[in-house]
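In what follows, a single structure is set out as structure tokens and then discussed.
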Amino acid sequence: MTQAFSELNLAEPLQRAVAEMGYTALTPIQAQAIPVVLQGRDVMGAAQTGTGKTAAFSLPLLQRLLRHANTSTSPARHPVRALVLLPTRELADQVAQQIKLYAKHTPLRSAVVFGGMDMKPQVEELRKGVEILVATPGRLLDHIEAKTVVLNQVEYVVLDEADRMLDIGFLPDLQRILSYLPKQRTTLLFSATFSPEIKRLAASYLQDPVVIEVARPNTTASTVEQRFFRVEDEDKRTALKALLREHGVQQAFVFVNSKLGCARLARALERDGLAVTALHGDKSQDERLKALEAFKQGQVQLLVCTDVAARGLDIKDVPAVFNVDIPFNAEDYVHRIGRTGRAGASGLAFSFVTGRDARQVAEIEKLIGRKVEVEPLELPDERRARPARGNDGQRLWRSGEAAAVDPAHDAPSAAARAPRARPARAPAVAADPLLDRPYQPSLPPDVKPDWEAAAKPAAPKGLSAYIRPKRKVAALLRFADPPSAEGSPKASA
DNA sequence: AAAAAAC
């Protein structure tokens with residue numbers, strides 16, 4: 001039985017905002033989490049992607065804050081009382097916008113801070129006083145150190161995409177931030193994926209938490225059709241275009257594993273005449289926000305992206321996700337394909353599997369609890385149309401192919417030898433600093449790569465695999481031996 | 001193996 005927002009006894013300004021946004025029925029995670037957050041309990045919440053986790057924590061949070069809301073205009077009367085942390089800038093932006101809408105009719109103020117943007121406007125907004133601060137970790141630490149924000153009155157902390165926030169790359173920053181907060185506080189963790197190790201770690205940050213799991217965690221929406229195709233690297237772009245055509249895909253997220261690969265694929269597709277934009281961490285923040293906006297507005301068909309776009313981004317009606325590269329972590333697979341099939345819609349999730357990907361596919365199978373069948377893919381014969389690539393994207397024709405184009409002549413015809421006019425529809429592509437830079441050999445010319453060392457078996461998986469920079473060690477020690485862990489440490493055994 | 005997050 002689905003419950004309605006109107007049954008929640010939310011304050012009138014919140015009810016009104018929700019109604020204006022057109023929400024009526026509660027999703028399962030909302031129905032379960034909202035009452036618990038309203039009680040002020042700590043929560044660890046796991047629910048499938050695209051089921052409204054943001055509303056599940058924001059609405060009850062705002063309701064709690066409203067109990068002592070201050071209508072005075074004095075900044076001192078508006079300390080930061082709730083902190084929402086996210087792993088990417090775009091996600092922080094999105095969640096902040098959503099919270100602003102929910103809080104629209106209340107006196108509560110919110111702000112968002114993330115990197116890649118001017119400090120000044122952020123400082124200005126913080127100075128006026130905000131109850132709810134949405135942030136990415138790095139920039140928040142900047143503000144803390146610049147003393148442009150004070151967090152000693154924080155009552156609520158939300159870690160959205162919590163498993164990512166607790167992973168090794170974020171943990172040191174996260175712990176430093178948490179060290180500035182009052183010990184007495186409510187902590188809320190939400191994600192679609194929680195590995196057992198992260199779950200244990202997460203528990204050490206929570207006090208007597210209520211654990212909410214709607215459906216089995218780590219699962220994908222049943223409305224998303226997942227297929228895996230055997231495709232070798234050199235055929236990936238052809239395969240992508242063929243599948244787009246075959247399934248009449250209007251719009252899609254196209255995920256790759258590296259920033260360079262992202263820039264390259266985007267440019268190649270652009271040269272093929274497709275409406276494409278790229279989103280990755282080496283772009284300026286301005287470019288990142290513009291790329292996302294163009295995709296949202298439907299001005300481009302494809303968003304070629306790295307895992308910066310894997311989590312949380314809520315864009316309505318994107319019918320397909322392509323994993324041109326299989327993600328390194330099975331968790332990221334679940335998040336990536338969660339960009340489609342949102343709010344009960346249907347979606348396609350197509351992944352390209354090369355010979356190297358067997359292990360990753362096995363891990364995905366294990367995580368989603370389903371056998372994966374890798375299908376062969378019939379590729380259109382594009383040999384005649386596929387030019388060899390010159391060093392600056394110039395189209396050159398292999399002599400064999402040129403002959404095939406013009407079989408009446410023994411030698412390539414004058415037309416085949418002449419430089420081809422670029423087809424009218426192929427747009428001039430913008431310069432990309434990631435691609436258009438002087439060639440830099442990765443090793444000095446006199447240094448030979450040490451293949452033997454490179455081929456040595458990987459270090460056994462465990463904490464040691466993660467320990468690199470010294471500054472992370474302190475954080476890792478806590479990771480290894482969380483304060484609330486039961487039982488005695490192994491060392492004493 | 002990569003990406004993300006601060007200048």
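Each chain gets a letter, A, B and so on, in the order the sequences are listed, and its residues count up from 1.
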Open item on the list: Once salt bridge (Lys or Arg N to Asp or Glu O under 4.0 Å) is applied, do any residues pair with A:D332, and if so which ones, sequence neighbours excluded?
Closed with: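 Scan of A:D332 (salt bridge (Lys or Arg N to Asp or Glu O under 4.0 Å), adjacent residues dropped) gives A:R164.
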
Task: Distance test, side-chain N/O of A:R164 to OP1/OP2 of B:dA5, below 4.0 Å - done: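 No, no such contact exists.
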
- [ ] Give a yes/no answer on whether the side chain of A:R176 brings an N or O atom under 4.0 Å of OP1 or OP2 in B:dA5.
- [x]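 No.
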
[atom1] of [X] versus [atom2] of [N]: gap in Å, rounded?
X	N	atom1	atom2	answer
A:K283	B:dA5	NZ	P	14 Å
A:I168	B:dA4	CD1	P	18 Å
A:L91	B:dA3	CG	C1'	15 Å
A:L260	B:dA1	CG	P	17 Å
A:R288	B:dA6	CZ	P	9 Å
A:L85	B:dA6	CG	C1'	15 Å
A:R356	B:dA2	CZ	C1'	13 Å
A:L86	B:dA5	CG	P	11 Å

Proximity to the side chain of [X] - top-ranked nucleotide from [options]:
X	options	value
A:T88	B:dA6, B:dA4, B:dA2	B:dA4
A:N329	B:dA1, B:dA2, B:dA6	B:dA2
A:Q360	B:dA1, B:dA2, B:dA4	B:dA1
A:R359	B:dA6, B:dA1, B:dA4	B:dA1
A:F328	B:dA4, B:dA1, B:dA5	B:dA1

- [ ] Using the ring-ring contact (aromatic ring centres under 6.0 Å, His included) rule, collect all pairs that involve residues 270-308 of chain A, keeping only residues at least two apart or in two chains.
- [x] A:F253-A:F295

Open item on the list: Can you list, in residue-number order, the parts of residues 302-309 of chain A that come under 4.0 Å of DNA chain B, counting heavy atoms only?
Closed with: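 Output list: A:T306, A:V308.
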
Task: From CA spacing to verdict: side chain to side chain contact (heavy atoms under 4.5 Å, CB included), A:M44, A:Y205 - done: CA-CA 10 Å; A:M44 177 151 73; A:Y205 289 89; over 6 Å; no

Open item on the list: Side chains of A:Q226 and A:T220 only: does a donor on one sit below 3.5 Å from an acceptor on the other?
Closed with: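 Distance-only check passes for A:Q226 and A:T220.
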
Open item on the list: Is it true that A:T354 and A:D233 share a donor-acceptor pair across their side chains at a distance under 3.5 Å?
Closed with: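 Side chains of A:D233 and A:T354: no pair found under 3.5 Å.
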
Task: Passing option when A:F350 is tested against A:F255, A:F229, A:F228 for ring pair (Phe, Tyr, Trp, His ring centres under 6.0 Å) - done: A:F229

Task: Test side chain to side chain contact (heavy atoms under 4.5 Å, CB included) applied to A:I326 and A:F352, step by step - done: CA-CA 7 Å; A:I326 297 287; A:F352 295 168; over 6 Å; no

